[in-house]
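In what follows, a single structure is set out as structure tokens and then discussed.
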There are 2 protein chains.
Amino acid sequence: MTQLVSGQSISAVAAMIGDVARANILFALMGGKALTATELSHHAGVSAPTTSGHLNKLLDGQLITVEKQGRHRYYRLASPAVAEALEGLSNLAASGPGRHRPTGPKDMAMRQARTCYDHMAGQLAVAMTDAFTSRGLIIVEDRSGLITEEGQRVFADFGIGLDPKPRSARPLCRTCLDWSERRMHLGGRLGAALLAQSLQRRWVRPVKESRALSITRDGERGFHDVFGIPRDRLTPAG
Amino acid sequence: MTQLVSGQSISAVAAMIGDVARANILFALMGGKALTATELSHHAGVSAPTTSGHLNKLLDGQLITVEKQGRHRYYRLASPAVAEALEGLSNLAASGPGRHRPTGPKDMAMRQARTCYDHMAGQLAVAMTDAFTSRGLIIVEDRSGLITEEGQRVFADFGIGLDPKPRSARPLCRTCLDWSERRMHLGGRLGAALLAQSLQRRWVRPVKESRALSITRDGERGFHDVFGIPRDRLTPAG
DNA sequence: GCAATGCTTCGGCCAGGACCGAAGTAATCC
DNA sequence: GGATTACTTCGGTCCTGGCCGAAGCATTGC
């Protein structure tokens, strides 16, 4: 009964994530930023030595990667596949027993816009998805998404060159369930490129010590003028 | 820092799957068939009492459901979301360290065709995906899939009525990485309907005590005539 | 150079939980 | 009814693995 993927190997990966401290570490890294061991120990809620042990296990399991930089060590999720596996577990956790009340994050800034691994989430991201759909730039069906020819043109104008088939296992356009909005938002390579481009144009700015993003004046104008997002969806009250 | 989905709740779910015996149980249930406690104890490789404990935990965690029938208890995965979470973990496990050699399953029958939760996998499923794509019935891009108008017509003729938007969280058409073929095959509601219809028409038949499916004479003719699948991809040698 | 910071390894403690055998309940067969 | 099969609950054992404090390397700053 030897198989490429067995219960054995699945359980090994799941056990990695099945510890509260390690799950907190991975969850913190879902923000997409590289974090140091000390920062992660705060997120994990355990001592530095314990965190070090956990990080070694996660490295062994190839769920994260390190980069040494001076006396710091910066950790990241190893691949989008890790983020997707975590997302799958989140979907289960969200619908499972002992669910928290669906009030979403208390932090209004987080609720408005934040990073989700390498793309955007929150009200802004959902509004973008809506705007793209209604303008016929993308076609979203359930969890899948396709970019139309019109969309390719508009995104290219925006500075996003999307090679249709650069042999990557990464979906060009997929959606991701938003835990505060309970709606889909854009992920995949398109989502990642949109975040990168928005940061470069300074339409959004990362908020210190948080996954939240703040929308700048330029962003308010840009998201409205270029993508046709209603202004009332660009303000915290939105 | 209370959030809808926290590291805490993710780890609870992951810990469920993070035990070898439980992972084997879930993996066995990925075949889509309901199995009894005794059958599952064999898959898990532990005693009946231990299995009983595991099953209770999985029930508590809402990863599986039971149905009493006489002196048997039939267990199933609770939802497609569970299967998708397992799939996400499988993808990680397959690319992780200690990977098994990529020879795929030894069992040729399994390799040719088998169930993957509620849809088909193996050579047959990959061949179908290829045929549908080249005939323009579906458009597959990475992990997403869309059904064309032509596709809707053909599938409807085949007896698959696909309500475009029956408010279900389940994707209509998505793809799933095949661990024996290393290619994508069809999942989602379309994949499930194709399996159901193929079983009903007796184009495939479940193999006893296995996830494998055998292609019948009718199936060879049907898959070729209706969907244009080359005959050489319908034989074990394929 | 010395002190401070970031992170790791070591040693030892402790608890959760996975496991089994034996015994108990429930449904079926004859 | 009695024997068999299916499954569970109970009680007790054992071991994995998460945790910390103390001490040990690196790197940086002064």
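Lettering follows sequence order; numbering is per chain, from 1.
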Here the pair of heavy atoms bringing B:H185 nearest to B:T129 is CA-OG1, 3.4 Å
All N/O contacts under 3.5 Å from nucleotides 18-22 of chain C to the protein, with atom names and distances to one decimal?
unit_1, atom_1, unit_2, atom_2, d
C:dA18, OP2, B:R22, NH1, 3.0
C:dA18, OP2, B:K57, NZ, 2.8
C:dA18, O5', B:D19, OD1, 3.4
C:dC19, OP2, B:H54, NE2, 2.5
C:dC20, OP2, B:S47, N, 3.0
C:dC20, OP2, B:S47, OG, 2.9
C:dC20, OP2, B:T50, OG1, 2.8

Comparing A:T51 with A:Q69, nearest DNA chain D nucleotide closer to 5' gives the residue A:T51
Rounding to 0.5 Å, atoms CD (A:E87) and SG (A:C116) come to a distance of 6.5 Å
Heavy-atom closest pair (A:F158 atom, A:Q197 atom, distance to 0.1 Å) is CE2-CG, 3.3 Å
Rounded to whole Å, CD of B:E39 lies from P of D:dT5 at a distance of 16 Å
Nearest heavy-atom approach of A:S198 to A:M120 is OG-CE, 3.7 Å
Beyond-backbone contact of B:L35 with B:Y74, side-chain heavy atoms, under 4.5 angstrom
no
In short, side-chain hydrogen bond (donor to acceptor under 3.5 Å, both in side chains) pairs touching residues 44-55 of chain A with sequence neighbours left out are A:R22-A:H54, A:S47-A:T50
From CD1 of A:I25 across to C1' of D:dG18 the rounded distance in Å is 12 Å
Atom CE of A:M16 and atom C1' of D:dG18 are separated, to the nearest Å, by 14 Å
Here the distance between atom P of D:dC25 and atom CZ of A:R73, to the nearest Å, is 15 Å
What do you reckon, is CZ of A:R205 surrounded by more than 12 foreign heavy atoms closer than 6.0 Å? no
**Message:** Can you tell me how the ring of A:F223 sits relative to the ring of A:W203, calling it parallel under 30°, perpendicular over 60° and tilted otherwise?
**Reply:** perpendicular
From CG of B:N56 across to C1' of D:dA6 the rounded distance in Å is 15 Å
Expected list for residues 30-37 of chain A near DNA chain C, using heavy atoms below 4.0 Å, is A:T36, A:A37
Please check this pair: side chain of B:T216 against backbone of B:R202, looking for a donor-acceptor N/O pair closer than 3.5 Å. yes
When rounded to whole Å, the CZ to P distance for the pair B:R71 and D:dT5 reads 8 Å
Whole-Å distance, A:L58 CG to D:dG17 C1', equals 14 Å
Using a 4.0 Å heavy-atom cut-off, does A:Y75 contact any base of the nucleic acid, only the sugar-phosphate backbone, or nothing at all? sugar-phosphate
5'-most contact on DNA chain D (nearest-nucleotide basis), B:H72 vs A:K68, goes to B:H72
A:D60 atom CG is separated from C:dT9 atom P, nearest whole Å, by 11 Å
